[in-house]
Amino acid sequence: MSAKAELIIADMDGLKVDATTLHRQQLIKPLAELVEALTDEGLISMKDAAKLYGRKTNYATVRRHCLDGIVLPDGTRLHLEHIRLAGSIVTSKQAVIRFIAAQNETPPVSGQIRNRETPAQRTRAQAAASAELGALLGAN
């Protein structure tokens, strides 16, 4: 028996449910609601969604926003709502509008924004810390 199958999450009426099954059951309802919402709004292709960005945008950018999302200033990841339909990824005009609006919401107070260092800044900080540690150890 695999480790995945051995991890039992719940015992419902004598039926053992593993973590994968429980995860899928939890996703079914929200996914069905997303499919219904996007379908009601009218499905559009990635190419049509790219035209809504207001500038020359490749469909691959929209696809990347669906699959990978973007990182907001507070460190959270925002994805463009989408569904898969017959091997294609589709979204709706309203989903693109919500995606753009979510990027432009008021940022949190400056104290809550995560401070991001560049690799060069990390290297300099590490060199300074090493020099300081060397001075401390050399002084003893």
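These values consider heavy atoms only, across backbone and side chains, with no hydrogens, waters or symmetry-generated copies.
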Can you confirm whether [X] sits close enough to [Y] that some side-chain heavy atom of one is under 4.5 Å from a side-chain heavy atom of the other?
X	Y	answer
Ile83	Leu43	yes
Leu38	Val90	no
Ile100	Leu52	no

Can you check whether [Y]'s main-chain N or O pairs, donor with acceptor, with [X]'s side chain at less than 3.5 Å?
X	Y	answer
Thr91	His82	no
Thr76	Leu72	no
Arg63	Ile89	no

Looking at every non-hydrogen atom in both residues, tell me the closest pair between [X] and [Y] and how far apart they are.
X	Y	value
Leu78	Ala102	CD2-CB, 3.6 Å
Arg77	Gly69	NH1-O, 3.8 Å
Gly42	Ser92	O-CB, 3.3 Å
Ala95	Glu81	CB-OE1, 3.6 Å

Val96 and Lys93: CA distance, side-chain angles, deciding distance, side-chain contact (heavy atoms from CB on, under 4.5 Å) verdict: CA-CA 5 Å; Val96 173; Lys93 179 179 179 179; 5.8 Å; no
For [X], side-chain hydrogen bond (donor to acceptor under 3.5 Å, both in side chains) partners two or more places apart:
X	answer
Tyr53	His65
Asn58	none
Arg64	none

What distance separates [X] [atom1] from [Y] [atom2], expressed to the nearest 0.5 Å?
X	Y	atom1	atom2	value
His79	Leu67	NE2	CG	9.0 Å
Leu133	Gln126	CG	CD	11.5 Å
Ser45	Leu85	OG	CG	11.5 Å
Leu80	Thr61	CG	OG1	11.5 Å

Is it true that atom CD of Glu36 has more than 12 heavy atoms of other residues, nucleotides or ligands lying nearer than 6.0 Å? no
